[in-house]
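Have a look at the structure below, then the notes.
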Amino acid sequence: MITKDIINQHGITEDEYARILEILGREPNLLELGIFSVMWSEHCSYKSSRVHLKNFPTTGKYVLQGPGENAGIVDIGDGLAVAFKMESHNHPSYIEPYQGAATGVGGILRDIFTMGARPVANLNSLRFGSFAHPKTRHLVHGVVAGIAGYGNCVGVPTVGGEVYFHESYNGNCLVNAMTVGIMQSNKIFKGLAEGVGNPVMYVGSKTGRDGIHGATMASDVFGEGGEERRPTVQVGDPFTEKLLLEACLEAFKTDYIVGIQDMGAAGLTSSSIEMASRAGTGLEIDTLLVPRREKGMTSYEVMLSESQERMLMVVHKGVEEKIKEIFHKWDLDAVVIGKVTNDGLIRIKEGDKIAAELSVKPLTDDAPRYNRPIKRPDWQDEIQRLDLEKIPLPKDYNDVLLKLLSCPNIASKEWVYTQYDHMVRTDTVVMPGSDAAVVRIKGTKKAIAATTDCNSRYCYLDPFTGGKIAVAEAARNLVCSGAKPIALTDCLNFGNPEKPEIMWQIEQAILGMRDACLKFEIPVISGNVSLYNETSGNAIYPTPTVGMVGLLEDVNLRTTQWFKNEGDVIVLIGETKDELGASEYLKTIHNMDKGKPPEIDLEIEKNVQDLCLEAIQQGIIKSAHDCSEGGLAVALAECCISSKNTAIGAEINIGSRVKGQGSSNDIRNDALLFGESQSRIIVSLNEKDLKKFIGIANRHKAQTDVMGKVGGKRIKINELIDLSVDDIQRAWKCSIERLLM
């Protein structure tokens, strides 16, 4: 009998249960309730966000596959395409950081190769709590080790990402994993259960009890602790994943496969139901035929398990033995467990006994969709209020720069990315540590660049502006690498959507992202929503992470952020304004998360990016680096010290008017150096190319300021900063490792 307690344990509301009774005309059994639970969970149905996600532009001249499949795909010419997607594994990583992060990597890898693509790059976006919190070090060590342990073993390089720390993540870390793959543009495989009578095959690893109700757990808030949910975290095996990857890619060379789907969240349940839903068919599955690694498993456990390294395939009738031959060669299970039907039902059998029988459509297309109440928080005006007159100017700007360079959000993340194998496959030509990673495509002149970006403080203080900036900065990072941005994926991380204030953050961030996507003609082709990132009523800062991919037609024109040669001219593209709100300077030096984020004019941003990209493509840019956290002084310091080979100094005289010189457009010295005005890129070039560069700038109506020259062993800025490159490099490189000791 289904009791109230059982319904609550499955995360089903009273209204939703009443709807289930209406759909079925009877009470569900436990397996059927479990199926409704996972399919109607936030994680699988997007029931709180779908109404807002439709605002995203999803089509464009490069798009071959948009949202709705395992991953999005863009055409890059010459018969090649790029598949990519980003997903979250936040709740599991907080409960069990190593396996949570590892299986996050495994899941996103499968999303890519199930489309027919060979994964060529992994990236990630990580958020942890304050170092003052007792769990932060444990989480950082576990998550980083999990990403490295899985990615390194499976043989896909981890080439880029971001790591941030803030007390809003004390109770919920964020682990967003992204994978990029290369494929033939005419060999796309989709998750379709087509062809009545075609066999349904289970391939890969055996099923265990790990991960049961993982999707439901990921769609709920935490109380204190969370360790009681540890059994819902999956356990990964990267060596099996590698075998599965190669077996699938071998099978894709045949004409045997009709459709294929990764068994990710909700395992066999979601993969089977989603494949039937897309094709408008039904499926019949016999759970007694599913390979198991544990005895005594019920159909409920088999259907809801999220055991890793498994795929569900529909193949043409008569090729079953050939599929088995391929997968057995790779030492993997391959078993026929059912067939495609034409009745629109998902029928779960235990031999001759029917264990569950449900219509597919109510589980997918007709799942609940909520247009939840939206309310701008009462406290939003207060957190945006910032009186700069009450912020004292620093007495020692050298000291401020050193403190910023050593703060966890700006300091070198070398401790993290050196644990990842970023050179396996030997195609990574710009490694972690620059604005974007660049991976060449063997046999061509082409390369792809990839990045992940989001400033959650901006999104907390103004989610609309923060959403715009997340897209703009990702595009800016790609442009600085020499790539044209072509599409994005996202991971929308927020708190409890049942709170109107959280829904306001979600709505505003999406609208801001949409505006930037439309302006830059960058479609959203895949993504993930992670809600309920909240513990004991404390939500994370809104974090709509953007993963973006760009195309370089000529890999030889790739660009990195560090200065190259003594005597090169340093130019700032863009304008510095009197802005300090939402800055890392304000947080690190004055312990304030306040003010409005910097303004962004999308037209100006586009002009700046177009100028930089054209100048790179004409071969006159030696280095390019965007200004973001820490402002101009930090960006200039990074240009001096972020090379793996050698540090080099610079002498800078910023042309913007400085406080105290009598102009009506005065800029405070701290805003000049550490303000985070948008749409700014620092480039260096040979002096002989300056006239040509200025000509390109004028054509794009982009403001430029010749600031100084590369050279020496010190960084000097406007007689405000004078430090040796050794000192700034030491401050920048040592802090993360020291904090993690």
Side-chain angles (χ1 to χ4, degrees), residues 42-44 46 48-50 52-53 55-56 58 66-72 83-94 100-101 103-112 121-128 143 147 158 160-164 166 168-169 172-180 214-215 218-219 264-265 450-456 458-460 463 466-467 469-471 473-474 477 487-495 497 502 505-506 509-510 512-514 516-517 522-534 539-549:
E42 194 72 55
H43 193 78
C44 291
Y46 299 119
S48 298
S49 57
R50 277 198 183 194
H52 300 287
L53 295 175
N55 286 304
F56 283 141
T58 58
E69 268 293 339
N70 291 290
F84 65 96
K85 188 182 182 184
M86 180 161 53
E87 283 217 344
S88 62
H89 234 220
N90 303 335
H91 286 60
S93 298
Y94 186 77
T103 52
V105 174
I108 198 64
L109 281 165
R110 290 192 299 280
D111 279 338
I112 299 308
N122 288 331
L123 297 93
N124 50 70
S125 175
L126 312 177
R127 298 289 196 286
F128 300 102
V143 165
I147 291 170
T158 301
E162 56 178 2
V163 187
Y164 285 95
H166 189 275
S168 77
Y169 304 102
N172 290 81
C173 64
L174 301 185
V175 176
N176 296 174
M178 176 178 172
T179 295
V180 182
S219 306
T451 186
T452 59
D453 284 286
C454 182
N455 186 312
S456 56
Y458 293 175
C459 296
Y460 169 67
I469 291 174
V471 174
E473 186 180 349
N477 282 336
L488 70 80
T489 182
D490 58 43
C491 211
L492 307 179
N493 307 275
F494 292 88
I502 300 296
Q505 292 176 340
I506 294 169
I510 288 174
M513 293 170 71
R514 177 204 61 184
C517 288
I522 301 173
V524 179
I525 64 166
S526 61
N528 170 241
V529 176
S530 174
L531 306 182
Y532 295 96
N533 292 289
E534 191 165 309
I540 62 163
Y541 274 11
T543 313
T545 308
V546 170
M548 196 177 289
V549 167

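Please read all numbers here as calculations on a predicted model, not as lab measurements.
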Enter the distance from [X]:[atom1] to [Y]:[atom2] here, rounded to the nearest 0.5 Å.
| X | Y | atom1 | atom2 | result |
| --- | --- | --- | --- | --- |
| M548 | N477 | CE | CG | 9.5 Å |
| M513 | C459 | CE | SG | 8.5 Å |
| H52 | I506 | NE2 | CD1 | 7.0 Å |
| N533 | H91 | CG | NE2 | 5.0 Å |
| R110 | N70 | CZ | CG | 10.5 Å |
| C454 | E162 | SG | CD | 7.0 Å |

Working for side chain to side chain contact (heavy atoms under 4.5 Å, CB included), residues M178 and V180: CA-CA 7 Å; M178 176 178 172; V180 182; 4.0 Å; yes
Does any part of the side chain of [Y], heavy atoms only, come nearer than 4.5 Å to the side chain of [X], both counted from C-beta?
| X | Y | value |
| --- | --- | --- |
| P544 | F494 | yes |
| H89 | T103 | yes |
| L53 | L492 | yes |

Which atoms form the tightest heavy-atom contact between G104 and A177, and what is the distance?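 The answer is O-CB, 4.0 Å.
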Over all heavy atoms of both residues, which pair between Y532 and E42 is shortest? Give the atoms and the distance, please.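 Closest pair (atom of Y532, atom of E42, distance): CE1-OE1, 3.9 Å.
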Check each of V549, D453, V546 against L488 using the side chain to side chain contact (heavy atoms under 4.5 Å, CB included) test, and report the only one that passes.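 Between L488 and the candidates, side chain to side chain contact (heavy atoms under 4.5 Å, CB included) is satisfied uniquely by V546.
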[X]: what forms a side chain to side chain donor-acceptor pair (under 3.5 Å) with it, not counting sequence neighbours?
| X | value |
| --- | --- |
| S526 | T489 |
| Y164 | E629 |
| N124 | none |

Run the side-chain contact (heavy atoms from CB on, under 4.5 Å) test against [X] and tell me which residues pass, sequence neighbours left out.
| X | answer |
| --- | --- |
| A487 | V74, F84, P523, I525 |
| A101 | S93, V143, I147, V175 |
| S456 | R127, Y169, Y541, T543 |
| C491 | M86, S88, N176, N493, N528, T545 |

Please determine whether side chain to side chain contact (heavy atoms under 4.5 Å, CB included) holds for the pair S125 and L174, giving the CA-CA distance in whole Å, both sets of side-chain angles, and the decisive distance to 0.1 Å. CA-CA 8 Å; S125 175; L174 301 185; over 6 Å; no
Between N172 and N90, do the side chains contain a donor N or O and an acceptor N or O under 3.5 Å apart?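 The criterion, which ignores hydrogens and geometry beyond distance, is not satisfied for N172 and N90.
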With sequence neighbours left out, write down each residue that passes salt bridge (charged side-chain N to carboxylate O under 4.0 Å, His left out) with D111, or none if nothing qualifies.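 With sequence neighbours excluded, D111 shows a salt bridge (charged side-chain N to carboxylate O under 4.0 Å, His left out) to K85, given in chain and number order.
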Would you check, one step at a time, whether the test side chain to side chain contact (heavy atoms under 4.5 Å, CB included) holds for T158 with L123? CA-CA 6 Å; T158 301; L123 297 93; over 6 Å; no
